[in-house]
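Comments concern the structure below.
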Amino acid sequence: MLAKNVVELLNQQVNKEFYSAYLYLDFSNFCYDQGLDGFGNWYRVQAQEERDHAMLFVQYLQNNGERAVLEAIEKPAVAPDSVKMVLAEGLNHERYVTSLIHNICDAAHSVKDFRTIQFLDWFVKEQGEEETNAEGLVKKFELFGDDPKSLYMLDNELGARVYSAPSLVL
(Lines give C-alpha, C1' and ligand atoms only; values in the text may rest on other atoms or scores of the structure.)
Protein backbone atom coordinates (compact mmCIF):
# COMPACT_ATOMS: atom_id res chain seq x y z
CA MET A 1 0.00 0.00 0.00
CA LEU A 2 1.40 3.37 -1.02
CA ALA A 3 1.40 6.33 1.34
CA LYS A 4 -1.25 8.94 0.56
CA ASN A 5 1.29 11.75 -0.05
CA VAL A 6 3.26 9.52 -2.44
CA VAL A 7 0.08 8.66 -4.36
CA GLU A 8 -0.75 12.37 -4.63
CA LEU A 9 2.70 13.17 -5.98
CA LEU A 10 2.56 10.27 -8.44
CA ASN A 11 -0.81 11.49 -9.70
CA GLN A 12 0.53 15.02 -10.04
CA GLN A 13 3.40 13.59 -12.05
CA VAL A 14 0.99 11.86 -14.43
CA ASN A 15 -0.48 15.24 -15.26
CA LYS A 16 2.93 16.95 -15.41
CA GLU A 17 4.10 14.35 -17.92
CA PHE A 18 1.01 14.93 -20.07
CA TYR A 19 1.66 18.68 -19.81
CA SER A 20 5.23 18.02 -20.98
CA ALA A 21 3.82 16.20 -24.01
CA TYR A 22 1.61 19.22 -24.78
CA LEU A 23 4.54 21.60 -24.36
CA TYR A 24 6.78 19.62 -26.68
CA LEU A 25 4.02 19.19 -29.24
CA ASP A 26 3.61 22.97 -29.19
CA PHE A 27 7.37 23.35 -29.68
CA SER A 28 7.17 20.86 -32.55
CA ASN A 29 4.37 22.83 -34.20
CA PHE A 30 6.38 26.05 -33.88
CA CYS A 31 9.44 24.44 -35.47
CA TYR A 32 7.41 23.04 -38.37
CA ASP A 33 5.92 26.51 -38.89
CA GLN A 34 9.48 27.88 -39.13
CA GLY A 35 10.37 25.35 -41.82
CA LEU A 36 12.62 23.42 -39.45
CA ASP A 37 11.13 19.98 -39.92
CA GLY A 38 14.03 18.23 -38.19
CA PHE A 39 13.55 20.30 -35.02
CA GLY A 40 9.81 19.67 -35.37
CA ASN A 41 10.44 15.93 -35.58
CA TRP A 42 12.76 16.00 -32.56
CA TYR A 43 10.13 17.67 -30.39
CA ARG A 44 7.32 15.46 -31.72
CA VAL A 45 9.33 12.41 -30.64
CA GLN A 46 9.93 14.15 -27.32
CA ALA A 47 6.15 14.60 -26.92
CA GLN A 48 5.62 10.88 -27.58
CA GLU A 49 8.17 10.02 -24.89
CA GLU A 50 6.48 12.25 -22.34
CA ARG A 51 3.08 10.72 -23.08
CA ASP A 52 4.55 7.27 -22.49
CA HIS A 53 6.15 8.45 -19.26
CA ALA A 54 2.71 9.54 -18.06
CA MET A 55 1.33 6.12 -18.94
CA LEU A 56 4.10 4.42 -16.97
CA PHE A 57 3.04 6.40 -13.89
CA VAL A 58 -0.60 5.45 -14.54
CA GLN A 59 0.34 1.78 -14.82
CA TYR A 60 2.44 1.94 -11.65
CA LEU A 61 -0.45 3.44 -9.70
CA GLN A 62 -2.83 0.80 -11.05
CA ASN A 63 -0.38 -2.03 -10.30
CA ASN A 64 -0.34 -0.83 -6.71
CA GLY A 65 -4.11 -0.71 -6.28
CA GLU A 66 -4.37 3.05 -6.71
CA ARG A 67 -6.51 5.04 -9.09
CA ALA A 68 -4.81 7.38 -11.52
CA VAL A 69 -6.54 10.75 -11.27
CA LEU A 70 -6.50 12.69 -14.52
CA GLU A 71 -6.77 16.45 -14.32
CA ALA A 72 -7.19 19.02 -17.06
CA ILE A 73 -3.97 19.63 -18.94
CA GLU A 74 -3.06 23.30 -19.07
CA LYS A 75 -2.21 25.07 -22.27
CA PRO A 76 1.57 25.47 -22.55
CA ALA A 77 2.62 28.58 -20.64
CA VAL A 78 5.45 29.37 -23.04
CA ALA A 79 4.69 30.98 -26.39
CA PRO A 80 7.75 30.27 -28.53
CA ASP A 81 9.09 33.11 -30.65
CA SER A 82 12.38 31.59 -31.78
CA VAL A 83 14.09 28.24 -32.04
CA LYS A 84 16.67 29.47 -29.54
CA MET A 85 13.87 30.14 -27.06
CA VAL A 86 12.36 26.69 -27.70
CA LEU A 87 15.67 25.02 -26.93
CA ALA A 88 16.28 27.09 -23.79
CA GLU A 89 12.75 26.49 -22.51
CA GLY A 90 13.08 22.78 -23.25
CA LEU A 91 16.18 22.63 -21.08
CA ASN A 92 14.48 24.61 -18.30
CA HIS A 93 11.50 22.30 -18.44
CA GLU A 94 13.64 19.17 -18.19
CA ARG A 95 15.36 20.61 -15.13
CA TYR A 96 11.93 21.29 -13.62
CA VAL A 97 10.76 17.73 -14.30
CA THR A 98 13.94 16.42 -12.68
CA SER A 99 13.09 18.40 -9.54
CA LEU A 100 9.59 16.87 -9.53
CA ILE A 101 10.99 13.34 -9.77
CA HIS A 102 13.42 14.10 -6.95
CA ASN A 103 10.54 15.38 -4.79
CA ILE A 104 8.67 12.10 -5.26
CA CYS A 105 11.85 10.19 -4.40
CA ASP A 106 12.20 12.23 -1.21
CA ALA A 107 8.60 11.54 -0.22
CA ALA A 108 8.94 7.80 -0.94
CA HIS A 109 12.20 7.64 0.97
CA SER A 110 10.68 9.38 3.99
CA VAL A 111 8.08 6.57 4.32
CA LYS A 112 10.51 3.80 3.34
CA ASP A 113 8.58 3.02 0.16
CA PHE A 114 11.36 1.10 -1.54
CA ARG A 115 9.13 -0.19 -4.33
CA THR A 116 8.38 3.35 -5.48
CA ILE A 117 12.03 4.34 -5.09
CA GLN A 118 12.99 1.44 -7.35
CA PHE A 119 10.32 2.44 -9.88
CA LEU A 120 11.57 6.04 -9.86
CA ASP A 121 15.19 5.00 -10.35
CA TRP A 122 14.54 4.60 -14.08
CA PHE A 123 13.07 8.13 -14.22
CA VAL A 124 16.05 9.58 -12.34
CA LYS A 125 18.36 8.09 -14.98
CA GLU A 126 16.03 9.13 -17.80
CA GLN A 127 16.00 12.73 -16.56
CA GLY A 128 19.79 12.75 -16.57
CA GLU A 129 19.65 11.76 -20.24
CA GLU A 130 16.91 14.30 -20.98
CA GLU A 131 18.90 17.15 -19.46
CA THR A 132 22.06 16.09 -21.29
CA ASN A 133 20.19 15.96 -24.62
CA ALA A 134 18.56 19.35 -24.03
CA GLU A 135 21.89 20.92 -23.01
CA GLY A 136 23.51 19.44 -26.11
CA LEU A 137 20.88 20.99 -28.36
CA VAL A 138 21.36 24.39 -26.75
CA LYS A 139 25.15 24.14 -27.17
CA LYS A 140 24.91 23.02 -30.80
CA PHE A 141 22.51 25.82 -31.60
CA GLU A 142 24.77 28.37 -29.91
CA LEU A 143 27.67 27.10 -32.03
CA PHE A 144 25.86 26.78 -35.35
CA GLY A 145 22.46 28.49 -35.19
CA ASP A 146 23.46 31.72 -36.92
CA ASP A 147 25.03 29.95 -39.87
CA PRO A 148 22.35 28.80 -42.34
CA LYS A 149 24.37 25.84 -43.64
CA SER A 150 25.12 24.59 -40.14
CA LEU A 151 21.52 25.11 -39.07
CA TYR A 152 20.45 23.10 -42.10
CA MET A 153 22.80 20.26 -41.09
CA LEU A 154 21.59 20.36 -37.48
CA ASP A 155 17.98 20.29 -38.67
CA ASN A 156 18.77 17.23 -40.81
CA GLU A 157 20.43 15.54 -37.84
CA LEU A 158 17.38 16.13 -35.65
CA GLY A 159 15.09 14.88 -38.40
CA ALA A 160 16.71 11.45 -38.17
CA ARG A 161 15.50 10.90 -34.60
CA VAL A 162 13.03 8.04 -34.32
CA TYR A 163 10.77 7.12 -31.46
CA SER A 164 11.41 4.04 -29.36
CA ALA A 165 9.10 3.20 -26.48
CA PRO A 166 10.61 2.95 -22.99
CA SER A 167 11.50 -0.55 -21.85
CA LEU A 168 10.70 -0.17 -18.16
CA VAL A 169 9.33 -3.34 -16.60
CA LEU A 170 6.74 -2.62 -13.92
Side-chain angles (χ1 to χ4, degrees), residues 1-28 30-31 39 42-80 83-142 158 161 163-170:
M1 182 171 195
L2 302 177
K4 183 179 179 188
N5 67 323
V6 173
V7 171
E8 288 174 8
L9 290 170
L10 290 167
N11 268 306
Q12 288 173 13
Q13 193 62 33
V14 168
N15 289 283
K16 296 293 185 181
E17 296 290 343
F18 279 128
Y19 173 83
S20 296
Y22 269 38
L23 178 67
Y24 290 139
L25 186 56
D26 193 45
F27 288 176
S28 175
F30 175 81
C31 293
F39 283 85
W42 198 92
Y43 279 106
R44 184 174 36 204
V45 170
Q46 198 66 20
Q48 290 173 304
E49 282 188 5
E50 302 303 340
R51 183 197 62 224
D52 281 354
H53 293 170
M55 294 306 296
L56 289 170
F57 279 98
V58 168
Q59 184 179 356
Y60 181 76
L61 285 162
Q62 292 169 342
N63 288 351
N64 284 279
E66 298 292 342
R67 187 175 199 295
V69 179
L70 302 177
E71 302 290 341
I73 307 301
E74 292 182 34
K75 178 181 177 181
V78 177
V83 174
K84 184 176 182 177
M85 178 188 177
V86 165
L87 298 175
E89 290 298 327
L91 175 56
N92 289 338
H93 186 72
E94 289 302 335
R95 289 176 176 159
Y96 169 67
V97 172
T98 297
S99 74
L100 295 173
I101 298 295
H102 289 177
N103 288 341
I104 305 170
C105 287
D106 286 342
H109 187 268
S110 72
V111 295
K112 297 183 180 183
D113 180 353
F114 301 111
R115 183 182 318 154
T116 299
I117 292 169
Q118 183 179 21
F119 166 70
L120 292 171
D121 183 56
W122 183 87
F123 287 95
V124 170
K125 292 174 187 169
E126 174 70 8
Q127 282 309 121
E129 291 175 18
E130 297 287 8
E131 285 189 37
T132 298
N133 290 338
E135 287 173 351
L137 285 178
V138 168
K139 287 177 183 176
K140 284 180 180 179
F141 189 81
E142 287 173 351
L158 298 179
R161 183 181 186 196
Y163 178 70
S164 64
S167 60
L168 177 62
V169 177
L170 300 177

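With N64 contributing its side chain and Y60 its backbone, the two residues share a donor-acceptor pair below 3.5 Å. With hydrogens and angles ignored, the 3.5 Å screen pairs a side-chain donor or acceptor of N15 with a backbone N or O of E71.
Side-chain contact between F39 and V86 is absent, with no heavy-atom pair separated by less than 4.5 Å. Counting only heavy atoms from C-beta outward, the side chains of L61 and V14 approach each other to under 4.5 Å. Looking only at side-chain heavy atoms (C-beta outward), Q59 and M55 stay at 4.5 Å or farther from each other. V78 is listed as a side-chain neighbour of M85, based on a closest heavy-atom distance under 4.5 Å. Counting heavy atoms from C-beta on, the side chains of P80 and E89 never come closer than 4.5 Å. The side-chain heavy atoms of H93 and E50, taken from C-beta on, include no pair separated by under 4.5 Å. Within the 4.5 Å cutoff, side-chain heavy atoms of L10 are placed close to those of L2. Counting heavy atoms from C-beta outward, Y24 and P76 have side chains that stay 4.5 Å or more apart.
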request  = Evaluate side-chain hydrogen bond (donor to acceptor under 3.5 Å, both in side chains) for Q12 paired with E8, printing each intermediate quantity in order.
outcome  = CA-CA 6 Å; Q12 288 173 13; E8 288 174 8; 5.4 Å; no

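If you take CD1 on I104 and CG on N5, they are separated by 10.5 Å, rounding to the nearest 0.5 Å. If you take CZ on R44 and SG on C31, they are separated by 11.0 Å, rounding to the nearest 0.5 Å. Rounding to the nearest 0.5 angstrom, the gap separating the CG atom in L91 from the CG atom in N133 is 11.0 Å. Atoms CD1 and NZ, from I101 and K16 in turn, are 12.0 Å apart once rounded to the nearest 0.5 Å. To the nearest 0.5 angstrom, Q118 atom CD is 10.0 Å from T116 atom OG1. Taking CG of L23 as the reference point, atom CZ of F18 lies at 15.0 Å (rounded to 0.5 Å).
Only one option out of E94, H102, R95 pairs with Q127 in a side chain to side chain donor-acceptor pair (under 3.5 Å); it is E94.
Aromatic ring centres of F123 and F57: separated by under 6.0 Å.
Residues forming a salt bridge (Lys or Arg N to Asp or Glu O under 4.0 Å) with E49 (at least two apart in sequence, or on another chain): R161.
Classified by interplanar angle (parallel below 30°, tilted 30° to 60°, perpendicular above 60°), the ring pair Y43/F27 is perpendicular.
In plain terms, the two heavy atoms of D113 and V6 that are nearest each other are OD2-CG1, 3.9 Å. The two residues C105 and I117 make their nearest non-hydrogen contact at O-CG1, 4.5 Å.
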